[in-house]
Amino acid sequence: MNIPKALTIAGSDSGGGAGIQADIKTFQELDVYGMSALTSVTAQNTLGVQGVHSLPVPFVAQQIESVFADLRPDAVKTGMLFSSEIIAEVARQAARHRIDKLVIDPVMIAKGGASLLQSEAVTALVQQLLPLALVVTPNIPEAEVMTGCPIHSLADRKEAAKRIHDYGPAYVIVKGGHDAGSDTVTDLVYDGRGFTELAGPRVDTVHSHGTGCTFSAALTAELAKGKDVLSAARTARDFVQAALTDALGIGGGQGPTNHWAYRRQKGVSV
């Protein structure tokens, strides 16, 4: 029996809404066996991030090595990497294990504004990791940081996608959730030749913590199952739309998305 497997290399969110917790929940809901290699642990809830502790680089490497020695994943995603040293090690591991389905979620800032990536690590991310990626999934603020250009329009996003694609990934998905001036959220997929727009209605909710992690995890899960990038992106878009529409309504601040909403809305195993 061929069980699709996915590995997340990311930080831990003690509040359960983002990070490896969101990734594992998403993998499970999409019938993919999930594994994790922690890069950092956070003290975090819906009100914000109270503390961040980065794990030693050799231990990050040891976790990845352990997974590949016995449970080789069909797809891998990265989330919060925090430092240039961790990024360099993850890039080394990706090259060593010849990961061909690598999804990079360039986690930089938490919903509450806390920095989750050291400033000097952005260069390492762009130069060392993006050339190894199948897909990179920045939101608008992350795309601005990665390109050094302000984004105010869809045309700006397209230009940013082209610039990010020049860094080496095969596909760039610039997510549209931060484009607050529209009632429609449009995720822009660029493959180096043309653009595909994946759109859906904006959901007016404060319960959106972990949407970026969840989107990239759903994308990774579908890639692990053998789907092509565009099909995987469509499912990831639908998964997040369901998670926002059917809010859990827990916590006193930026609440988490509902990771079981997609399966419940479909009414059958996915």
Side-chain angles (χ1 to χ4, degrees), residues 2-10 22-23 26-35 72-79 81 90-91 94-95 97-107 125-126 128-140 142-143 146-147 154 157-177 179 185-200 210-243 262 266 270:
N2 185 22
I3 303 297
K5 303 181 294 297
L7 168 66
T8 172
I9 306 171
D23 295 342
T26 301
F27 294 162
Q28 184 77 13
E29 288 298 314
L30 291 170
D31 292 334
V32 171
Y33 181 78
M35 302 164 288
R72 183 177 177 88
D74 298 292
V76 177
K77 67 150 287 190
T78 68
L81 298 177
V90 171
H97 295 292
R98 303 185 183 214
I99 302 170
D100 59 348
K101 294 180 180 180
L102 178 62
V103 176
I104 305 298
D105 180 13
V107 176
L125 180 76
V126 168
Q128 299 180 49
L129 208 49
L130 290 197
L132 304 174
L134 175 61
V135 192
V136 59
T137 63
N139 58 32
I140 290 174
E142 290 162 349
M146 294 168 73
T147 62
L154 186 62
R157 265 202 282 161
K158 288 184 176 181
E159 179 59 30
K162 290 178 180 178
R163 294 191 183 198
I164 294 170
H165 186 269
D166 288 342
Y167 297 147
Y171 290 81
V172 180
I173 303 177
V174 182
K175 297 170 293 186
D179 183 10
V185 174
T186 301
D187 297 328
L188 193 64
V189 184
Y190 182 59
D191 64 359
R193 298 177 299 276
F195 293 92
T196 301
E197 296 181 14
L198 305 179
T211 50
C213 300
T214 300
F215 179 90
S216 59
L219 179 71
T220 304
E222 292 301 292
L223 291 173
K225 293 192 288 190
K227 300 292 182 63
D228 62 83
V229 171
L230 194 54
S231 296
R234 292 186 191 280
T235 297
R237 181 73 183 74
D238 291 344
F239 192 97
V240 171
Q241 188 76 35
Y262 180 75
K266 291 183 75 72
V270 292

Check the pair His97 / Leu102 against side-chain contact (heavy atoms from CB on, under 4.5 Å), numbers first and verdict last. CA-CA 11 Å; His97 295 292; Leu102 178 62; over 6 Å; no
Over all atoms of both residues, closest heavy-atom pair of [X] and [Y]:
| X | Y | answer |
| --- | --- | --- |
| Met146 | Val136 | CE-CG2, 4.2 Å |
| Arg157 | Gly176 | NH1-CA, 3.5 Å |
| Ala221 | Leu30 | CB-CD1, 3.9 Å |
| Thr137 | Glu142 | O-OE1, 4.2 Å |
| Ala161 | Val174 | CB-CG2, 4.0 Å |
| Leu132 | Ala95 | CD1-N, 4.3 Å |

A quick test of your reading: do over 12 heavy atoms of other residues, nucleotides or ligands sit less than 6.0 Å from OH of Tyr167? yes
Determine, stepwise, if the pair Leu125 / Ile104 fulfils side-chain contact (heavy atoms from CB on, under 4.5 Å). CA-CA 9 Å; Leu125 180 76; Ile104 305 298; 4.1 Å; yes
Check: Thr26 main-chain N/O paired with Asp23 side-chain donor or acceptor under 3.5 Å: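 A pair under 3.5 Å: no.
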Looking only at atom types and distance, does a side-chain atom of Lys77 sit under 3.5 Å from a main-chain N or O of Thr220, one as donor and one as acceptor?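 Between the backbone of Thr220 and the side chain of Lys77 there is no qualifying donor-acceptor contact (under 3.5 Å).
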What distance separates [X] [atom1] from [Y] [atom2], expressed to the nearest 0.5 Å?
| X | Y | atom1 | atom2 | answer |
| --- | --- | --- | --- | --- |
| Asp191 | His165 | CG | NE2 | 7.0 Å |
| Ile9 | Leu129 | CD1 | CG | 8.5 Å |
| Leu188 | Lys158 | CG | NZ | 6.5 Å |
| Glu159 | Thr147 | CD | OG1 | 8.5 Å |
| Ser216 | Lys175 | OG | NZ | 6.0 Å |
| Tyr171 | Thr196 | OH | OG1 | 9.0 Å |

Tell me whether the rings of Phe195 and Tyr190 are parallel (<30°), tilted (30 to 60°) or perpendicular (>60°).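 Answer is parallel, since the angle falls under 30°.
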Residues 232-241 vs salt bridge (charged side-chain N to carboxylate O under 4.0 Å, His left out), sequence neighbours excluded, gives Asp187-Arg237
Tested for side-chain contact (heavy atoms from CB on, under 4.5 Å) against Ile99, the lone hit among Leu134, Val90, Val76, Asp74 is Val76
Taking only residues two or more places apart in sequence or in another chain, which ones pass ring-ring contact (aromatic ring centres under 6.0 Å, His included) with Phe27? none
Evaluate side-chain contact (heavy atoms from CB on, under 4.5 Å) for Tyr262 paired with Thr235, printing each intermediate quantity in order. CA-CA 10 Å; Tyr262 180 75; Thr235 297; 3.8 Å; yes
